[in-house]
Trainee: 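Structure below; questions to follow.
All of these numbers come straight from a predicted model, not from anything done at the bench.
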2 protein chains.
Amino acid sequence: MANEIRPTEGELEILQILWKKGPSTVREVNDLLNDAQDKSIGYTTTLKIMQIMFEKGLLKRDDSQRTHIYTAEVREGKIQSALLDRFLNAAYKGSASKLALQLLGNHKTTPDELAEIKALIDQLEKNKPS
Amino acid sequence: MANEIRPTEGELEILQILWKKGPSTVREVNDLLNDAQDKSIGYTTTLKIMQIMFEKGLLKRDDSQRTHIYTAEVREGKIQSALLDRFLNAAYKGSASKLALQLLGNHKTTPDELAEIKALIDQLEKNKPS
DNA sequence: TAGTATATACGAATCGTTTCGTATACAATA
DNA sequence: TATTGTATACGAAACGATTCGTATATACTA
């Protein structure tokens with residue numbers, strides 16, 4: 001065990017792109033990173049990080065062509081869940097409700113989203129009656 | 001501006017202790033850190049980190065006695081809010097509802113907490129009728 | 001007072017992430 | 001074929017967080 005999946009913030013940005021876009025080249029990822037940001041990131045920087053992510057098992061790659069194609073090797077929900085768990089413990093000492101209250105209080109949420117969350121709560125309450 | 005408050009995980013652990021316990025000495029903090037953990041941390045390590053936190057403005061200290069007393073200089077809710085914002089963007093691309101759903105789905109929440117959250121949602125819905 | 005325990009200060013080693021310069025390979029083209 | 005553009009590979013610098021050894025000051029105690 002002890003298989004800690006713990007992407008850094010930089011790695012997470014790359015994962016977000018791959019989750020959304022699917023298999024991509026380093027250049028595509030790098031372009032998107034530079035689009036969506038204030039600062040600019042050199043091509044070899046992105047390449048290096050993606051190579052390291054590959055070594056860590058976060059990405060897989062097809063190197064049958066000169067231009068390698070990278071794909072996320074980890075599922076979005078799984079990573080989010082792991083990060084959330086960690087964050088919850090680090091910042092809220094594990095109190096999910098405290099986090100939830102602050103989340104809903106501080107951030108704009110659409111009526112639809114609120115309804116969705118409420119529905120989930122209703123369901124949780126039903127399944128756990130006692 | 002550009003007054004980024006961004007405690008590291010290690011710093012956050014110390015803040016948690018100070019938030020809970022109030023003003024404390026380095027030794028007290030270090031003891032609690034070692035109590036509540038698997039790994040052990042040297043005294044001078046904790047001292048160093050707290051000194052750095054002091055320089056960053058995260059802590060204030062009373063050095064009128066030989067044994068200095070440290071106090072959290074930042075409010076718990078404020079730090080949590082800033083961290084949550086960052087985390088929400090990094091891991092969920094800003095979708096609070098996605099985070100909320102995963103949070104409530106994955107973690108055990110007591111009926112009381114669920115009720116509390118539902119009450120907040122009701123209130124949010126009332127205040128934002130259209 | 002001499003010796004021991006405990007405090008802070010300082011500086012350096014280590015570690016992981018991020019960054020990029022440079023070397024090298026390969027492909028397209030003039 | 002020689003030039004130019006674009007890949008990957010490699011290595012090292014820079015940076016921040018963490019860790020701790022050691023020096024020094026101070027208090028306690030035998």
Trainee: Reading DNA chain C from 5' onward, which residue's closest nucleotide shows up sooner: B:Arg61 or A:Gly10?
Mentor: B:Arg61
Trainee: Counting heavy atoms from C-beta on, name the nucleotide in D:dA25, C:dT19, C:dT17 closest to the side chain of B:Arg66.
Mentor: D:dA25
Trainee: Before you tell me yes or no, could you show the steps for B:Leu58 and B:Ile52 under side chain to side chain contact (heavy atoms under 4.5 Å, CB included), namely the whole-Å CA-CA distance, both residues' side-chain angles and the distance that decides it to 0.1 Å?
Mentor: CA-CA 9 Å; B:Leu58 290 171; B:Ile52 290 173; over 6 Å; no
Trainee: Choosing from D:dG21, C:dA7, D:dA9, which nucleotide comes nearest the side chain of B:Arg27?
Mentor: C:dA7
Trainee: Please confirm whether the shortest side-chain N or O distance from B:Thr45 to OP1 or OP2 of D:dC20 is below 4.0 Å.
Mentor: yes
Trainee: Report the distance from atom CD of A:Glu9 to atom C1' of D:dA17, rounded to the nearest whole Å.
Mentor: 15 Å
Trainee: Please tell me if A:Gln51 has a side-chain N or O lying less than 4.0 Å from either OP1 or OP2 of D:dA9.
Mentor: yes
Trainee: Select one nucleotide: of D:dT18, C:dA9, C:dT19, the one nearest the side-chain heavy atoms of B:Glu11.
Mentor: D:dT18
Trainee: Roughly, in whole Å, what's the span from CD1 in B:Ile52 to C1' in D:dT18?
Mentor: 8 Å
Trainee: Classify the side chain of B:Lys48 versus the base of C:dG11 as yes if they form a donor-acceptor pair under 3.5 Å and no if they do not.
Mentor: yes
Trainee: Taking only Lys NZ, Arg NE, NH1 and NH2, and the carboxylate oxygens of Asp or Glu, determine whether B:Lys56 and B:Glu11 approach each other closer than 4.0 Å.
Mentor: yes
Trainee: Go through it in stages, so that I can follow the logic: the residues are B:Leu124 and A:Thr109, the test is side chain to side chain contact (heavy atoms under 4.5 Å, CB included), and I'd like the CA-CA distance, side-chain angles, deciding distance and then a yes or no.
Mentor: CA-CA 9 Å; B:Leu124 288 175; A:Thr109 317; 5.7 Å; no
Trainee: Examine D:dT18: is either OP1 or OP2 under 4.0 Å from a nitrogen or oxygen in the side chain of B:Thr8? Give yes or no.
Mentor: yes
Trainee: Measure CG/B:Leu47 against P/D:dT22 and give the value in whole Å, please.
Mentor: 17 Å
Trainee: Looking at B:Lys98 and A:Glu113, is there a salt bridge between them, counting it only when a charged N and a carboxylate O are closer than 4.0 Å?
Mentor: no
Trainee: Is any side-chain N of the basic residue among B:Glu9 and A:Arg86 closer than 4.0 Å to the acidic one's carboxylate O?
Mentor: yes
Trainee: CG of B:Asn30 versus C1' of D:dT19: gap in Å, rounded?
Mentor: 12 Å
Trainee: Taking atom P of D:dT18 as reference, at what distance in whole Å does atom CD of B:Glu55 sit?
Mentor: 14 Å
Trainee: Distance check needed: D:dC15 P versus B:Arg6 CZ, whole Å only.
Mentor: 17 Å
Trainee: Taking the minimum atom-to-atom distance to the side chain of A:Tyr43, which one of C:dC20, D:dT19, D:dA7 wins?
Mentor: D:dA7
Trainee: Over how many whole Å does the gap from B:Met53 atom CE to D:dT19 atom P extend?
Mentor: 13 Å
Trainee: Using only side-chain N and O atoms of B:Lys56, determine if any of them is under 4.0 Å from OP1 or OP2 of D:dA17.
Mentor: yes
Trainee: What is the separation between atom CG on B:Leu58 and atom P on D:dG16, rounded to the nearest whole Å?
Mentor: 15 Å
